[in-house]
*Asks:* 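So that we are looking at the same thing, I have put the structure below in structure tokens.
Chain letters run A, B, ... following the sequence lines, proteins first, then strands; residues in each count from 1. Worth saying up front: this structure is predicted, and the values here are computed from it rather than measured. Computed over heavy atoms, backbone and side chain alike; hydrogens, waters and symmetry mates excluded.
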Amino acid sequence: MMNSQGSVLSVKDLKVVFSGFKALKGVNLEVGKNEIVTIIGPNGAGKSTLLDAIVGKSPVASGHVYYQGQDITNKSSHEIARMGIGRKFQNPNVYNELSVFDNILLALKGTHGVFSSIRAKLTAAKKDKIISVLDRIGLLEQGYAKVSSLSHGQKQWVEIGMVLAQDPAVVLLDEPTAGMTADETYATGEIIKTIATSHSVVVIEHDMEFVKQIAQRLVVLHQGEKLTEGSVAEVQSNPKVIEVYLGREQINAA
Amino acid sequence: MAQALGQIQQSNFVPKKWQIINLAVLLVLIIFPFVAGTFQTNLMAKLLLFGILGVSLDLVWGFTGILSFAHGVFFTLGGYAMAYYLKLNLSATANNYGGNIPDFMVWNGLKELPWFIAPLQFFPIAVIAMVVIPAGFAYAIGSFIFRSKVSGVYITVITLAIASALTTFFVSQQAYTGGTNGITDVSKLMLFGMVVPPIGIYFIILAFAALTLAGSWWLTKSNFGLILRSIKENEQRISYLGYDVASFKIFIWTLSAGIAGICGGLFVPLNNFISPVYLGVAFGTQVVIWVAVGGRGTLFGPIIAAILLGQLQNSVDRITQDWQLIVGIILMLVVLFLPDGLMSLLPKKLLTSSSNKKLLASSSDQLEKA
């Protein structure tokens with residue numbers, strides 16, 4: 001286990017309660033620099049809630065979230081985002097009425113104040129950055145298409161592009177490959193690996209093939225608690241995990 | 001390739017054909033008062049003001065998604081600022097009731113001009129007040145509602161409550177506001193020692209309308225406008241990108257109220273009075289109708305709708321008193337068959353650049369070569 005000194009993101013004994021229901025019952029998580037942490041677990045385990053609590057979407061009942069040593073628990077979403085934590089949502093959370101270009105432009109790292117946005121010009125540097133992102137997510141040709149005209153998989157790419165443009169130190173990805181074909185899923189995995197060369201990445205995933213492709217360290221959540229963590233091999237051979245999660249999937253698959 | 005994409009952005013700014021149409025319309029509006037009579041000149045000036053009031057609502061409703069019935073309030077606050085100025089500058093002879101204070105204050109037993117109204121006898125202060133009072137009021141309520149967890153339809157309900165509350169308040173403070181009648185029999189607007197003729201007021205309003213429309217167009221095409229549209233579509237997402245949504249809402253809300261206030265201020269020399277009628281929900285609803293009929297998020301739509309509906313009311317008024325019935329039917333037809341308003345009847349090509357596809361194709365060609 002990583003010590004919290006070297007952690008970029010550190011979650012300590014986090015509890016989240018929704019009108020009596022304990023969604024998270026004291027979860028600890030350490031994310032190191034340029035590390036990929038993959039979170040797996042059955043539905044309702046609290047995976048998305050954990051990310052929600054980190055980005056200030058769900059109110060934290062007790063416990064703390066530290067980002068580079070600073071306590072960010074219950075800070076507002078835009079402050080957390082500005083500090084350097086980016087989030088991709090489970091369903092593509094993109095602007096359907098805007099063009100792909102404008103979606104990326106909005107996400108671009110930089111000045112986000114009222115007056116600076118009025119004065120902001122589309123500089124050559126910004127354009128180059130947007131074009132490189134469009135190129136990386138393979139949507140250069142659709143740059144000026146409205147996002148609503150894209151396929152589900154392409155929308156997922158747009159949101160990954162937004163996270164790339166935001167260039168946060170910590171990237172939180174909630175099921176980035178949902179609705180993607182096998183090829184698209186593989187390509188996404190390769191992108192995530194590239195992202196992790198210069199960012200810390202937390203990924204929620206169900207697809208075990210994909211998890212094997214990207215995972216360095218696996219965290220298993222179950223009913224709001226951390227069941228175990230370790231390498232893919234360690235987790236796969238853990239009897240508790242097989243019982244609550246992997247085993248069931250294997251039965252389903254059979 | 002980067003250059004090609006840049007050109008697209010620029011050509012999107014004001015499409016050529018649309019520029020030409022706008023200049024032509026502006027020219028017609030410049031010639032209009034010389035051809036039409038005084039009545040039509042005054043009516044057109046009034047409808048242009050109503051149109052711009054619609055534009056101010058369009059900025060918050062059409063672009064940012066905040067439906068407000070309180071724009072009549074901001075309009076009227078600006079109107080009262082100007083009305084006090086004009087009333088206080090009636091010459092002593094024109095004021096039959098003597099003294100230095102307005103007739104309605106005399107009737108209600110006031111002996112002295114209240115300290116908070118007195119500064120409005122000076123033109124620069126009145127002009128500043130006509131912007132700052134509605135904008136300041138909007139800033140205060142905006143800071144409160146947009147920083148709280150209130151959202152969507154509840155904000156609209158609050159604007160309705162504000163409109164009703166302020167109407168009651170202005171009616172009840174008869175000594176200070178003139179009560180139900182409002183401030184009537186105001187003096188003519190004087191500038192540089194001369195009475196401004198109707199045609200002069202028309203041109204002041206036309207200039208204000210053109211500048212406001214151009215400014216709003218520029219603002220909504222800027223990065224700021226893009227953020228407004230994203231707030232309208234999904235305000236939560238944009239906050240995860242590091243934008244403080246509340247400060248954007250408060251800014252556009254305050255700006256919008258300031259524009260509405262200027263509309264109200266310019267309305268008084270034209271209308272010769274202001275009354276709590278314009279504070280009320282009924283007038284606030286009219287503003288909403290201009291935006292809905294013209295087309296939300298179009299800027300030009302509310303002006304077209306205000307002029308068309310106003311002229312329609314003027315012609316129908318001579319035949320029947322029930323013009324509101326006709327407006328009601330038009331509103332229902334638009335909502336049912338033209339949800340994006342009259343502006344959606346214009347060919348899309350007019351408002352967006354047609355060269356997008358070509359430029360984009362050439363940019364990807366270049367990429368392949370590179």
*Asks:* If you draw a 6.0 Å radius around CZ in B/Phe144, do more than 12 non-hydrogen atoms from other residues or ligands fall strictly inside?
*Replies:*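 Count not over threshold, so no.
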*Asks:* What part of B/Arg229 lies closer than 4.5 angstrom to a heavy atom of chain A: side chain, backbone, both or neither?
*Replies:*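 Only the side chain of B/Arg229 comes within 4.5 Å of chain A.
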*Asks:* Hey, which of A/Leu108, A/Val114, A/Ile80, A/Val94 has the most heavy atom pairs under 4.5 Å with chain B?
*Replies:*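 Winner by heavy-atom pair count: A/Val114.
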*Asks:* For the backbone of B/Ile231 and the side chain of A/Tyr95, can you confirm whether one donor and one acceptor N or O come within less than 3.5 Å of each other?
*Replies:*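 Side chain of A/Tyr95 to backbone of B/Ile231, a donor-acceptor pair under 3.5 Å: no, none is there.
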*Asks:* Side-chain contact test, heavy atoms from C-beta onward, threshold under 4.5 Å: evaluate it for A/Glu97 versus B/Lys232 and give yes or no.
*Replies:*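 The answer is no, as the side chains (C-beta and beyond) never meet within the 4.5 Å cut-off.
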*Asks:* For B/Ser230 versus A/Leu98, what's the shortest heavy-atom pair and its separation?
*Replies:*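 Minimum heavy-atom separation between B/Ser230 and A/Leu98: CB-CD1, 4.3 Å.
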*Asks:* Between B/Tyr240 and A/Ile85, is any pair of side-chain heavy atoms under 4.5 Å apart?
*Replies:*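 Sidechains of A/Ile85 and B/Tyr240: no contact.
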*Asks:* Less than 4.5 Å apart, any side-chain heavy atom of B/Leu226 and any of A/Leu106?
*Replies:*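 Yes; the side chains approach each other to less than 4.5 Å.
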*Asks:* Pick whichever of B/Asp244, B/Ile252, B/Leu219 has the most heavy-atom pairs under 4.5 Å with chain A.
*Replies:*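 Top count of heavy-atom pairs under 4.5 Å with chain A: B/Asp244.
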*Asks:* Which atom pair, heavy atoms only, marks the closest approach of B/Glu233 to A/Asn96?
*Replies:*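 Nearest pair, atom of B/Glu233 first, then A/Asn96: OE2-N, 2.6 Å.
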*Asks:* Answer with side chain, backbone, both or neither: which region of B/Ile238 has an atom nearer than 4.5 Å to a non-hydrogen atom of chain A?
*Replies:*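 Both backbone and side chain of B/Ile238 come within 4.5 Å of chain A.
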*Asks:* Can you tell me which portion of B/Ile227 sits under 4.5 Å from chain A's heavy atoms? Options are side chain, backbone, both or neither.
*Replies:*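 Both parts, backbone and side chain.
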*Asks:* Report yes if the distance between the aromatic ring centroids of B/Tyr243 and A/His112 is under 6.0 Å, otherwise no.
*Replies:*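 Yes, they do, as the ring centres are separated by less than 6.0 Å.
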*Asks:* How close do B/Leu241 and A/Met162 get, heavy atom to heavy atom, and via which atoms?
*Replies:*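 Between these two residues, the closest heavy atoms are CD1-CE, 3.8 Å.
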*Asks:* What option among A/Gly56, A/Ser76, A/Ala81 has the most heavy-atom pairs under 4.5 Å with chain B?
*Replies:*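 Sorted descending by pairs with chain B, the first entry is A/Ala81.
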*Asks:* If I measure from the heavy atoms of chain B, does A/Lys57 come under 4.5 Å with its side chain, its backbone, both, or neither?
*Replies:*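 Both backbone and side chain.
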*Asks:* For A/Phe115 and B/Phe251, I'd like to know if the aromatic rings sit close, meaning centre-to-centre distance below 6.0 Å.
*Replies:*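 Yes, the ring centres sit under 6.0 Å apart.
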